[in-house]
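Structure first, then comments.
Atoms within a ligand are numbered from 1 in the order they appear, just like the ligands themselves. Not measured: the values here are computed from a predicted model.
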Amino acid sequence: MNAKRIDGVAAATRVLQTVRQDVAELTQSGVQPCLAVVLVGDDPASHVYVRNKVQRAAEVGIRSLEHRLPTDIDARELLSLINTLNADPTVHGILVQMPLPPQIDEASVIQAIRPEKDVDGFHRENVGGLVLGQNVLTPCTPTGCLYLLEQVLGELSGKHAVVIGRSNIVGKPVASLLLQAHCSVTLVHSRSKDAAALCRQADIVIAAVGRPRMVNAEWIKPGAVVIDVGINRIEENGRSRLVGDVDYDAVLPQVSAITPVPGGVGPMTIAFLMRNTVRAARLQNSLPVQPAAIR
Ligand code: NAD
């Protein structure tokens, strides 16, 4: 195996081991962490994601509840379910699987979840808390990216990180987390001028765009660490496969470390969802809450 390849599956296993211990301790003290997952409609990919989350929860001892609702559900019915889950003291985390059908406004659903139960870290109170450097529930994929970087580099302080993409679920929160870790952060997006030149200055590159192999060797400074969040399905040589936003083979000779796709960032998302569920359970029971990132 290539020494530069960051093994996300192994990293997620380590995170889940610590989560399993935390769950066991909490359960012994009378609080079994519980995650409620709400799935609207019959999008096949969403079904797979929910199944994986429920399975992973069971593996670490987290109780899970699945609520499946029909595609044509009225927004009020969904909000009423969220209110019931908000009020239930045995439910610690609420995750509404996105995307939602067009008649439902995703933003209002996210804001309806109690911030202490918002294990996705998307509620504006948690977004604001993250920007202010508070110990809030932070988005799972970005927190997983920080974990991988700290595993590879140790101290991140003083590094120049370039984040490609400025979405609310990846680009912006990962930039906030990097800033909290004392990096100098540049955000590159679709309107940036000469994105490749900006990226070439980076010690750390995080690509979260959704464009297959957009980042090639010309974008990468020798010795940089690359975290590829992109997941893109392409047809190649007559078969369907997943690739990242980074041209892995092209940049490999000059990076010091890189995440593959699949098997890099992907597995971290569920691992940090489980960790957030434990943190949410502690928060709601007035117990000390571990910081978002693990060292
Ligand atoms: P998004 O579409 O919401 O945002 C994409 C961002 O890329 C935008 O901010 C846009 O400004 C930027 N962009 C577009 N074209 C660009 C260009 N030519 N140069 C520079 N920037 C450009 O996407 P997202 O939700 O942030 O997801 C990004 C990718 O990450 C997708 O492939 C998605 O599937 C993947 N993803 C993976 C995980 C995971 O591993 N668990 C989680 C979330 C997202």
Side-chain angles (χ1 to χ4, degrees), residues 5-13 15-16 37 43-46 48-53 55-56 95-100 106-107 110 119-122 127 130 138-149 161-178 185-202 205-216 218-220 226-234 240-248 251 258-276:
R5 182 181 178 277
I6 302 170
D7 186 343
V9 177
T13 304
V15 173
L16 288 167
V37 184
D43 175 53
S46 293
V48 173
Y49 294 144
V50 166
R51 198 169 57 230
N52 290 344
K53 286 166 186 171
Q55 192 182 327
R56 205 61 82 240
L95 182 140
V96 180
Q97 186 65 48
M98 303 291 169
L100 293 171
E106 290 183 353
I110 292 167
V119 281
D120 263 335
F122 294 158
V127 175
L130 169 60
T138 56
C140 304
T141 306
T143 311
C145 292
L146 261 286
Y147 175 79
L148 292 177
L149 283 171
V162 170
V163 178
I164 318 171
R166 56 172 165 180
S167 73
N168 290 339
I169 65 163
V170 189
K172 285 183 203 162
V174 88
S176 292
L177 288 166
L178 288 161
V185 183
T186 303
L187 268 166
V188 168
H189 49 78
S190 53
R191 307 279 181 96
S192 296
K193 295 209 169 76
D194 205 349
L198 290 168
C199 202
R200 244 187 334 266
Q201 298 170 21
V205 175
I206 302 205
V209 183
R211 286 178 160 234
R213 297 182 184 137
M214 184 184 85
V215 177
N216 60 40
E218 281 171 24
W219 293 53
I220 303 295
V226 178
I227 304 290
D228 190 354
V229 184
I231 303 176
N232 309 290
R233 184 162 289 284
I234 62 163
S240 165
R241 60 176 298 205
L242 292 181
V243 298
D245 291 341
V246 180
D247 188 339
Y248 184 91
V251 308
I258 181 169
T259 55
V261 177
V265 174
M268 304 309 291
T269 303
I270 291 193
F272 277 88
L273 173 67
M274 298 304 136
R275 182 168 158 88
N276 264 355

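- Under the 3.5 Å distance criterion, the side-chain polar atoms of Asp228 are left unmatched by any main-chain donor or acceptor of Pro260.
- Here the options are Val163, Leu177, Val174, Thr269, the test is side chain to side chain contact (heavy atoms under 4.5 Å, CB included), and the partner is Cys145; only Val174 passes.
- Atom CD of Glu106 sits in a crowded spot, with more than 12 heavy atoms from other residues, nucleotides or ligands closer than 6.0 Å.
- Under the side chain to side chain contact (heavy atoms under 4.5 Å, CB included) test applied with Val215, the options Val226, Asp247, Val209, Ile164 reduce to a single match, Ile164.
- Closest approach of Met98 and Ser46 over heavy atoms only: O-OG, 3.9 Å.
- Between Leu149 and Leu178, some side-chain heavy-atom pair lies under the 4.5 Å cut-off.
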Report all N/O contacts between ligand 1 and the protein shorter than 3.5 Å as a table of atom names and distances to 0.1 Å; if there are none, say 'none'.
residue  : atom   : partner : partner atom : Å
ligand 1 : 9 (O)  : Arg166  : N            : 2.8
ligand 1 : 11 (O) : Ser190  : N            : 3.3
ligand 1 : 11 (O) : Ser190  : OG           : 3.4
ligand 1 : 21 (N) : Ser190  : N            : 3.4
ligand 1 : 26 (O) : Ser167  : OG           : 2.5
ligand 1 : 30 (O) : Val229  : O            : 3.4
ligand 1 : 32 (O) : Ile231  : N            : 3.0
ligand 1 : 32 (O) : Ile231  : O            : 3.3
ligand 1 : 41 (N) : Thr269  : OG1          : 2.7

